[in-house]
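Shown next, in structure tokens, is the structure this report addresses.
Letters A, B, ... mirror the listed sequences (proteins, then strands); counts begin at 1. Predicted model, so just to flag it, every value in this text is computed and none were measured. Values below: every heavy atom of this structure, side chains too, minus hydrogens, waters and symmetry copies.
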There are 2 protein chains.
Amino acid sequence: MKSPSHSRDRGIPEATVARLPLYLRALHGMAERGVATVSSEDLAVAAGVNSAKLRKDLSHLGSYGTRGVGYDVEYLVYQISRELGLTQDWAVAIVGVGNLGRALANYGGFVSRGFRVAALLDADPEVVGDTIAGLNVEHIDVLEAVIGRRGVSIVVLATPAAAAQEVCDRVVSAGVTSILNFAPVVLSVPDSVDVRKVDLSIELQILAFHEQRKAGGPLMAVDSAVSEPSEQTGLLTGPPKEDL
Amino acid sequence: MKSPSHSRDRGIPEATVARLPLYLRALHGMAERGVATVSSEDLAVAAGVNSAKLRKDLSHLGSYGTRGVGYDVEYLVYQISRELGLTQDWAVAIVGVGNLGRALANYGGFVSRGFRVAALLDADPEVVGDTIAGLNVEHIDVLEAVIGRRGVSIVVLATPAAAAQEVCDRVVSAGVTSILNFAPVVLSVPDSVDVRKVDLSIELQILAFHEQRKAGGPLMAVDSAVSEPSEQTGLLTGPPKEDL
DNA sequence: CCGACTTTGTGCATCGCTTCACAAAGGGAT
DNA sequence: ATCCCTTTGTGAAGCGATGCACAAAGTCGG
């Protein structure tokens with residue numbers, strides 16, 4: 001399920017799927033502002049893409065535009081939502097209630113459309129029993145039961161790196177086939193399971209690469225950056241845990 | 001700087017750059033376990049990629065392998081680190097100290113290699129003055145001063161969506177050209193500025209899409225999706241037009 | 001009803017990334 | 001030194017994504 005484009009994906013390219021949420025967000029904003037119809041050009045600008053690309057993307061869903069006019073905002077919202085599977089409610093479980101897990105649990109946009117946090121799980125007895133964002137934190141022991149009984153189909157992994165693969169295995173055994181992984185490890189899963197990863201340090205490193213290029217190009221002076229410890233930054237004590 | 005591949009990038013493709021951190025992480029793990037040399041095959045497995053791809057990626061940095069033997073782990077770590085610009089220290093400022101900002105500030109892997117949190121900034125007087133991960137939270141008013149004086153070259157945006165563009169503009173004016181954006185908005189910046197975005201809800205929506213496909217495939221009852229435009233769309237406002 | 005104008009949907013050329021497959025290069029044994 | 005084995009580095013084919021450019025299709029004013 002990792003492969004770029006599926007045989008029977010009804011021909012919706014992966015690259016298009018990745019952009020649909022972007023269009024959807026832009027459309028929601030427009031709907032709220034009372035915009036009734038929008039041209040591919042305007043929507044493309046709002047989503048930060050090329051208008052030809054946008055039209056081609058939308059054409060994969062069907063012909064939902066009107067030539068000479070544009071797209072009906074509400075209708076398009078519905079069509080994209082349906083295509084993305086947001087017309088139903090997805091039960092999500094968050095495993096690992098460290099700093100990040102807490103942040104995710106409190107993340108409003110989570111619940112907003114299509115997703116519902118159905119469980120918070122952690123191995124640490126210290127946090128089990130806490131209430132976060134109105135949810136009780138349960139012990140990881142009940143993982144399988146929770147997944148089964150509450151119909152969890154998407155699991156968010158926010159555990160320390162060391163625990164991620166083990167939890168992942170259990171989650172997969174329990175029948176979950178969609179995982180969003182925040183732990184900095186390469187998870188190994190069967191082909192039938194979809195894993196998407198969000199990795200802060202990778203993003204920073206990519207930025208650093210380009211930044212270095214920029215600095216080295218024009219007129220690289222002194223590599224500043226390290227110069228002054230400046231005020232209180234010097235006493236950055238070791239952070240609590242390796243937990244993300 | 002958004003363009004996929006730069007003319008004078010010394011020819012390192014963007015796709016390759018995005019994988020180098022992955023290789024680096026795998027190599028660090030191996031170095032810690034005392035592995036001296038590694039073959040492209042083994043490293044590829046550890047990083048979750050195809051071995052031919054890995055070799056081609058590494059070949060963009062130079063010929064650092066030994067035929068018949070493999071790659072020297074430590075040497076390769078150094079070469080990749082240098083290429084990514086991790087041999088210097090990058091000062092990072094985190095703007096927006098909500099749940100996510102806090103989690104990021106406490107993220108250990110942050111400081112570990114090449115990156116140093118140099119400032120935490122927020123607009124809310126309630127949190128300004130707090131100490132998080134050993135750092136004092138300062139008011140957003142001093143943004144420009146902090147960026148200038150502490151040599152901040154990478155800014156992490158963890159503000160609410162509504163504030164993101166404004167903060168972004170200020171950050172860019174202050175001379176920052178690398179931004180990691182967690183706010184769910186499309187930032188508009190000059191071409192010379194690199195923006196990478198991390199967007200939880202987009203990732204979830206992509207997972208939902210594939211999950212829906214999986215559910216609809218094997219033996220889903222209804223399915224719809226394919227054949228006809230389906231009439232139940234009526235519950236949303238009427239489509240601009242219908243039929244054929 | 002017509003003609004000018006707008007905007008969609010898409011064929012096509014192009015581009016960059018992936019993957020295969022293999023020659024070239026090194027190590028080690030005899 | 002020679003042969004065999006391993007593994008790298010890369011030419012070339014294949015594949016999907018991008019963006020241009022335009023015909024088709026629709027709107028609107030007269």
Nearest-angstrom distance from the residue atom [atom1] of [X] to [atom2] of [N]:
{"X": "B:H60", "N": "D:dG9", "atom1": "NE2", "atom2": "P", "answer": "12 Å"}
{"X": "A:Y75", "N": "C:dT8", "atom1": "OH", "atom2": "P", "answer": "16 Å"}
{"X": "A:L20", "N": "D:dA17", "atom1": "CG", "atom2": "P", "answer": "13 Å"}
{"X": "A:D72", "N": "C:dT7", "atom1": "CG", "atom2": "P", "answer": "16 Å"}
{"X": "A:L54", "N": "D:dA17", "atom1": "CG", "atom2": "C1'", "answer": "15 Å"}
{"X": "A:L43", "N": "C:dT8", "atom1": "CG", "atom2": "C1'", "answer": "13 Å"}
{"X": "A:L61", "N": "C:dG9", "atom1": "CG", "atom2": "P", "answer": "10 Å"}
{"X": "A:R19", "N": "D:dA17", "atom1": "CZ", "atom2": "P", "answer": "8 Å"}

(message) Does the protein touch nucleotides 19-29 of chain C at the base, only the backbone, or not at all? Give it as B, S and - per nucleotide, heavy atoms under 4.0 Å.
(response) BBB--BBSS--

(message) Measuring only between side-chain heavy atoms, which start at C-beta, is A:V156 closer than 4.5 Å to A:F182?
(response)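 Counting from C-beta outward, A:V156 and A:F182 do come under 4.5 Å.
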
(request) Taking the side chain as every heavy atom from C-beta outward, state whether A:S178 and A:R196 have any pair of such atoms under 4.5 Å apart. (result)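 A:S178 vs A:R196: side chains apart.
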
Does [X] have a side-chain nitrogen or oxygen under 4.0 Å from the phosphate oxygens OP1 or OP2 of [N]?
{"X": "A:Y64", "N": "C:dT7", "answer": "no"}
{"X": "A:S40", "N": "C:dT8", "answer": "yes"}
{"X": "A:Y71", "N": "D:dG26", "answer": "no"}

(request) Would you please indicate if the ring centroids of A:Y75 and A:Y64 are separated by under 6.0 Å? (result)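 Yes: the rings meet the under 6.0 Å criterion.
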
(message) What I want to find out is whether A:E14 reaches A:R19 closely enough, with some N-O distance under 4.0 Å, to be called a salt bridge.
(response)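 Looking at A:E14 and A:R19, the cut-off is not met.
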
(message) Between A:R113 and B:S201, do the side chains contain a donor N or O and an acceptor N or O under 3.5 Å apart?
(response)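 No, no side-chain donor-acceptor pair sits under 3.5 Å.
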
(request) Please determine, by modelled atom types, if B:T87 and B:R82 share a side-chain donor-acceptor pair under 3.5 angstrom. (result)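 No pair is found: no donor N or O on one side chain lies under 3.5 Å from an acceptor on the other.
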
(request) Scan B:I12, B:D194, B:V17 and name whichever one has a side-chain contact (heavy atoms from CB on, under 4.5 Å) with A:R213. (result)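 Of B:I12, B:D194, B:V17, side-chain contact (heavy atoms from CB on, under 4.5 Å) with A:R213 is met by B:I12 alone.
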
(request) Consider the side chain of A:S63, meaning its heavy atoms from C-beta on, and name the nucleotide among C:dC17, C:dG9, D:dT18 that approaches it most closely. (result)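 Side chain of A:S63 sits closest to C:dG9.
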
